[in-house]
Amino acid sequence: METNEIKNLERIKKLSALYFSTLKPTDAKSDTNVAQIKISNYSELGCVIAEILKLCIVALDYDAHKASNTIKTSPINVALILEMVLEMFPTDEMEILDEIYQMFIVNPDVIGE
(Lines give C-alpha, C1' and ligand atoms only; values in the text may rest on other atoms or scores of the structure.)
Protein backbone atom coordinates (compact mmCIF):
# COMPACT_ATOMS: atom_id res chain seq x y z
CA MET A 1 0.00 0.00 0.00
CA GLU A 2 1.26 3.49 -0.78
CA THR A 3 2.25 5.89 1.97
CA ASN A 4 -0.70 8.25 1.27
CA GLU A 5 -3.16 5.37 1.41
CA ILE A 6 -1.78 4.22 4.74
CA LYS A 7 -1.95 7.77 6.11
CA ASN A 8 -5.53 8.12 4.83
CA LEU A 9 -6.58 4.88 6.49
CA GLU A 10 -4.94 5.90 9.77
CA ARG A 11 -6.71 9.29 9.59
CA ILE A 12 -10.07 7.63 8.91
CA LYS A 13 -9.53 5.33 11.89
CA LYS A 14 -8.83 8.34 14.16
CA LEU A 15 -11.83 10.25 12.80
CA SER A 16 -14.07 7.22 13.23
CA ALA A 17 -13.16 6.98 16.90
CA LEU A 18 -13.98 10.68 17.36
CA TYR A 19 -17.17 11.01 15.33
CA PHE A 20 -19.02 7.70 15.16
CA SER A 21 -20.87 8.17 18.42
CA THR A 22 -24.60 7.82 17.65
CA LEU A 23 -24.63 4.02 17.51
CA LYS A 24 -23.23 1.97 20.38
CA PRO A 25 -22.72 -1.81 19.98
CA THR A 26 -24.94 -3.88 22.27
CA ASP A 27 -22.22 -6.47 22.84
CA ALA A 28 -19.33 -8.18 21.07
CA LYS A 29 -21.39 -11.24 20.10
CA SER A 30 -24.14 -9.33 18.30
CA ASP A 31 -24.34 -7.25 15.16
CA THR A 32 -26.90 -4.91 16.70
CA ASN A 33 -26.44 -1.35 17.95
CA VAL A 34 -28.26 1.03 20.26
CA ALA A 35 -29.11 4.68 19.59
CA GLN A 36 -29.98 6.58 22.76
CA ILE A 37 -32.58 9.29 23.25
CA LYS A 38 -32.20 11.50 26.31
CA ILE A 39 -35.39 11.54 28.37
CA SER A 40 -35.78 13.37 31.70
CA ASN A 41 -38.20 10.99 33.44
CA TYR A 42 -40.95 8.42 32.97
CA SER A 43 -43.54 11.14 32.39
CA GLU A 44 -41.62 12.50 29.43
CA LEU A 45 -41.08 8.97 28.09
CA GLY A 46 -44.81 8.29 28.35
CA CYS A 47 -45.59 11.57 26.61
CA VAL A 48 -43.21 10.79 23.74
CA ILE A 49 -44.66 7.31 23.29
CA ALA A 50 -48.23 8.65 23.36
CA GLU A 51 -47.40 11.33 20.77
CA ILE A 52 -45.80 8.79 18.45
CA LEU A 53 -48.82 6.50 18.77
CA LYS A 54 -51.24 9.36 18.05
CA LEU A 55 -49.22 10.41 15.03
CA CYS A 56 -49.24 6.84 13.72
CA ILE A 57 -53.01 6.54 14.21
CA VAL A 58 -53.64 9.73 12.26
CA ALA A 59 -51.13 8.71 9.57
CA LEU A 60 -52.87 5.36 9.11
CA ASP A 61 -56.41 6.71 9.15
CA TYR A 62 -56.96 10.46 9.06
CA ASP A 63 -60.62 10.08 10.09
CA ALA A 64 -59.64 8.09 13.19
CA HIS A 65 -58.91 11.28 15.12
CA LYS A 66 -62.56 12.31 14.77
CA ALA A 67 -63.79 9.15 16.48
CA SER A 68 -61.06 8.96 19.13
CA ASN A 69 -61.65 10.81 22.39
CA THR A 70 -57.95 10.55 23.28
CA ILE A 71 -56.68 12.25 20.14
CA LYS A 72 -59.59 14.72 20.07
CA THR A 73 -58.85 16.02 23.59
CA SER A 74 -55.09 16.24 23.16
CA PRO A 75 -53.69 17.33 19.81
CA ILE A 76 -50.52 15.74 18.52
CA ASN A 77 -47.38 17.45 19.78
CA VAL A 78 -45.42 17.45 16.52
CA ALA A 79 -42.65 19.60 18.05
CA LEU A 80 -41.94 16.90 20.65
CA ILE A 81 -41.70 14.22 17.98
CA LEU A 82 -39.44 16.36 15.80
CA GLU A 83 -37.23 17.13 18.80
CA MET A 84 -36.82 13.41 19.46
CA VAL A 85 -35.93 12.75 15.82
CA LEU A 86 -33.41 15.59 15.94
CA GLU A 87 -31.76 13.95 18.98
CA MET A 88 -31.32 10.77 16.93
CA PHE A 89 -29.85 12.62 13.92
CA PRO A 90 -26.19 11.55 13.56
CA THR A 91 -24.56 15.00 13.54
CA ASP A 92 -21.09 13.73 14.43
CA GLU A 93 -21.22 11.21 11.63
CA MET A 94 -22.01 14.02 9.16
CA GLU A 95 -18.83 15.79 10.27
CA ILE A 96 -16.71 12.75 9.51
CA LEU A 97 -18.25 12.56 6.05
CA ASP A 98 -17.07 16.15 5.49
CA GLU A 99 -13.58 15.18 6.62
CA ILE A 100 -13.49 12.16 4.33
CA TYR A 101 -14.79 14.27 1.46
CA GLN A 102 -12.00 16.78 2.04
CA MET A 103 -9.39 14.00 2.21
CA PHE A 104 -10.39 12.09 -0.90
CA ILE A 105 -12.19 14.54 -3.17
CA VAL A 106 -11.05 18.10 -2.49
CA ASN A 107 -7.45 17.52 -1.34
CA PRO A 108 -6.52 13.91 -2.10
CA ASP A 109 -2.78 14.61 -1.76
CA VAL A 110 -2.98 16.55 1.52
CA ILE A 111 -3.50 14.75 4.82
CA GLY A 112 -4.59 17.11 7.62
CA GLU A 113 -4.73 16.55 11.34
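Using modelled atom types, no side-chain atom of Thr32 and backbone atom of Thr26 make a donor-acceptor pair closer than 3.5 Å. Distance alone, capped at 3.5 Å, places no donor-acceptor pair between the Glu51 side chain and the Val78 backbone. With hydrogens and angles disregarded, a donor-acceptor distance shorter than 3.5 Å links the side chain of Ser16 to the backbone of Ile12.
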**Request:** Decide yes or no on side-chain contact (heavy atoms from CB on, under 4.5 Å) for Ile52 and Met84, but give the supporting numbers first.
**Result:** CA-CA 10 Å; Ile52 291 170; Met84 184 182 64; 3.1 Å; yes
**Request:** Walk me through it: do Glu87 and Gln36 pass the test side-chain contact (heavy atoms from CB on, under 4.5 Å)?
**Result:** CA-CA 8 Å; Glu87 279 187 35; Gln36 293 183 347; over 6 Å; no
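Under the 4.5 Å side-chain heavy-atom criterion for ILVMFWY residues, no single connected hydrophobic cluster contains both Leu86 and Ile37. Grouping the Ile, Leu, Val, Met, Phe, Trp and Tyr side chains by contacts below 4.5 angstrom, directly or via other members, places Leu80 with Ile49. Following chains of ILVMFWY side-chain contacts shorter than 4.5 Å, one can reach Val48 starting from Tyr42, so the two form part of one hydrophobic cluster. Under a hydrophobic clustering in which Ile, Leu, Val, Met, Phe, Trp and Tyr are joined whenever their side-chain heavy atoms come within less than 4.5 Å, directly or via other members, Leu97 and Phe89 fall into the same cluster.
When all heavy atoms are compared, the tightest approach of Glu93 to Leu23 is OE2-N, 4.2 Å. Between Leu45 and Ile39, the closest heavy-atom pair is N-CG2, 3.5 Å. Contact between Thr22 and Met88 at its shortest, heavy atoms only, is CG2-O, 3.9 Å. Across all non-hydrogen atoms, the minimal contact from Asp92 to Tyr19 is CB-O, 2.9 Å.
Side-chain contact between Ile81 and Leu55 is present, with heavy atoms from C-beta onward closer than 4.5 Å. At a threshold of 4.5 Å between non-hydrogen side-chain atoms, the residues Glu95 and Leu18 do not count as touching.
Using a cutoff of 4.0 Å between basic side-chain nitrogens and carboxylate oxygens, Lys7 and Glu10 are not scored as salt-bridged.
The local environment of CG in Asp27 is crowded, with over 12 non-hydrogen atoms from other residues, nucleotides or ligands closer than 6.0 Å.
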